[in-house]
Amino acid sequence: MKFIRSALLMLSVLVFLPVSAFGDVLFIHNYKSDDYLSGTQEAVLWKGITANAMYIDKRIEYTGSWMTRFFGEVKEQRDTTHFLLAENQIREFGWNKGVILVYPFDKIDKIEWLTEQKAFMESADEIIKARYQVAEPVLEIKVSADREKVMGYDCIRFSAELRTETKDIKKKSSSITDIRQESWISDAVPGFDQYKDFQKKLSEKLGLEAERLGNLNFILRYWDGPLDAVLGPLQDIEGYPVQTVVTVTATYIKNTDSPSPEKITKEIKTETMTLREVQMPEQLDLSQFTENIPMKTVTVE
């Protein structure tokens, strides 16, 4: 009887001890892309989340026929990024150069994969002003009222579409790019609470800019406008991405001043990422996201 009372007392004490709300989680995704320039790519993407860090590792194989012929074998590429809340930084691993680029959170606007489109536009700014008219990009987000089953999960579907247009005054032509993203998200995915907790902490560090690293990361690379207005439809839904499909379509219109302009449309990229597996280890194995090789660390100022 004395033992039972002692056990109950210990249990009551444990209930009120401060404990970590969540453990670690590992999401594993299948990725496939068909690019007009680089051909077919296949990859496995690993995303590991702890209380104060997120680790992403993507190992790509260029399996397209012309790339294979050009290199004489299947070309491989590895992309690794660490999001470290305690250190207030993002680390990008340049495996081919042996360099780790460290971006403090207050330098997030300098991350290459977030600003490549903006940098291109700025470098071509003078040429564009002299010859081209660039329309304001239009970004629209819609949330479906119907739920759908994807990979066994009850999902909410949302779509985002970004349209950009540049008119060539001299050639009397117009170039239009449509980027469309469809995502199926579910709050029933194991580990979603850990993911949600980390995203909340990241948002507290970065504000709305954290959205550029979330479910809309691809399409928001090409959107430099304010986020608060366009993200409105997503405020009342939440979930982990079970499947995401991105398509990029280019349209070129010749003789825009004629009654019958000629239009050429081509799909230049399709990208699909699907959740394959979720693991809930007691402690995340970081060897998946690092290598025991010497690498130079450079902090971006």
Side-chain angles (χ1 to χ4, degrees), residues 25-49 54-83 91-98 111-114 116-117 148-153 155 157 159-160 162 177-186 189-191 195 213-222 239-250 266-279 281 284-291 293:
V25 60
L26 176 65
F27 300 101
I28 304 174
H29 300 259
N30 288 334
Y31 170 89
K32 187 170 184 178
S33 174
D34 191 359
D35 191 289
Y36 177 67
L37 294 177
S38 57
T40 305
Q41 305 170 31
E42 296 182 13
V44 177
L45 185 144
W46 302 66
K47 182 190 295 182
I49 295 177
M54 179 167 66
Y55 306 90
I56 298 177
D57 189 65
K58 183 178 177 183
R59 306 196 185 199
I60 306 168
E61 292 185 343
Y62 291 84
T63 56
S65 57
W66 82 264
M67 287 284 282
T68 305
R69 289 196 303 268
F70 182 80
F71 288 100
E73 59 183 356
V74 174
K75 177 176 169 55
E76 297 181 352
Q77 176 183 321
R78 183 180 181 187
D79 298 329
T80 306
T81 306
H82 296 177
F83 300 83
R91 296 186 177 187
E92 282 190 336
F93 287 67
W95 297 107
N96 59 332
K97 297 180 180 179
I111 296 180
E112 183 178 356
W113 50 270
L114 288 175
E116 54 189 12
Q117 181 75 358
E148 301 177 28
K149 281 279 186 182
V150 178
M151 306 298 295
Y153 296 105
C155 295
R157 177 173 63 86
S159 61
L162 175 63
T177 302
D178 286 297
I179 305 168
R180 180 175 177 81
Q181 175 178 330
E182 282 195 286
S183 290
W184 290 261
I185 63 173
S186 175
V189 173
Y195 169 79
L213 308 172
N215 293 340
L216 288 171
N217 73 86
F218 184 92
I219 206 165
L220 289 181
R221 293 185 195 184
Y222 301 90
Y240 187 82
V242 175
Q243 187 169 71
T244 296
V245 180
V246 174
T247 57
V248 181
T249 304
K266 187 171 186 61
E267 189 173 285
I268 60 175
K269 187 181 183 70
T270 14
E271 185 178 68
T272 302
M273 191 159 69
T274 305
L275 180 63
R276 184 178 81 185
E277 182 183 349
V278 182
Q279 297 179 9
L284 190 66
D285 181 5
L286 297 184
S287 65
Q288 174 64 40
F289 307 96
T290 57
E291 290 287 351
I293 59 175

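Note that the numbering runs from 1 along the sequence shown for the chain. Being a predicted model, the structure only gives us computed values, none of them experimental.
- Side-chain contact check for Y55 versus L286: some heavy-atom pair is nearer than 4.5 Å.
- Under the 4.5 Å side-chain criterion, counting only non-hydrogen atoms from C-beta, W95 is in contact with E291.
- For the pair H82 (side chain) and T290 (backbone), a donor-acceptor distance under 3.5 Å is absent.
- Side-chain contact between L26 and Q288 is absent, with no heavy atoms from C-beta onward closer than 4.5 Å.
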Please report the C-alpha distance between L284 and F289 in whole Å, then the side-chain angles of each, then the deciding distance to 0.1 Å, and finally whether the side-chain contact (heavy atoms from CB on, under 4.5 Å) criterion is met. CA-CA 10 Å; L284 190 66; F289 307 96; 4.2 Å; yes

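- One finds a salt bridge joining R59 and D57 here, because a Lys/Arg side-chain nitrogen approaches an Asp/Glu carboxylate oxygen to under 4.0 Å.
- When all heavy atoms of V150 and W184 are compared, the closest pair comes out as CG2-CD1, 3.6 Å.
- Between T274 and the choices Q243, K32, H29, the side chain to side chain donor-acceptor pair (under 3.5 Å) rule is met once, by Q243.
- The CD1 atom of I60 lies 10.5 Å from the CD atom of E76; values are rounded to the nearest 0.5 Å.
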Between M273 and L45, is the side-chain contact (heavy atoms from CB on, under 4.5 Å) condition met? List the steps. CA-CA 9 Å; M273 191 159 69; L45 185 144; 3.9 Å; yes

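- Heavy atoms only, all atoms of each residue included: P241 and I185 are closest at CA-CG2, 3.8 Å.
- Across all their heavy atoms, V25 and G191 have their closest contact at CG2-CA, 3.8 Å.
- L162 CG to D178 CG: the interatomic distance, rounded to the nearest 0.5 Å, is 8.5 Å.
- Each of E182, E271, R180 was scored for a side-chain contact (heavy atoms from CB on, under 4.5 Å) with V246, with one residue passing: E271.
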Start with the C-alpha gap between T40 and E42, add the side-chain angles, then the distance that decides, and say whether side chain to side chain donor-acceptor pair (under 3.5 Å) holds. CA-CA 7 Å; T40 305; E42 296 182 13; over 6 Å; no

Please test T270 against T247 for side chain to side chain donor-acceptor pair (under 3.5 Å), starting from the C-alpha separation and ending with a verdict. CA-CA 4 Å; T270 14; T247 57; over 6 Å; no

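- With sequence neighbours excluded, no residue forms a ring-ring contact (aromatic ring centres under 6.0 Å, His included) with Y31.
- By the 30° and 60° cut-offs, the orientation of the rings of F27 relative to Y240 is parallel.
- Between S33 and D35, the side chains place no donor N or O within less than 3.5 Å of an acceptor N or O (distance only, hydrogens not considered).
- For the atom pair K58 NZ and T81 OG1, the distance stands at 10.0 Å (nearest 0.5 Å).
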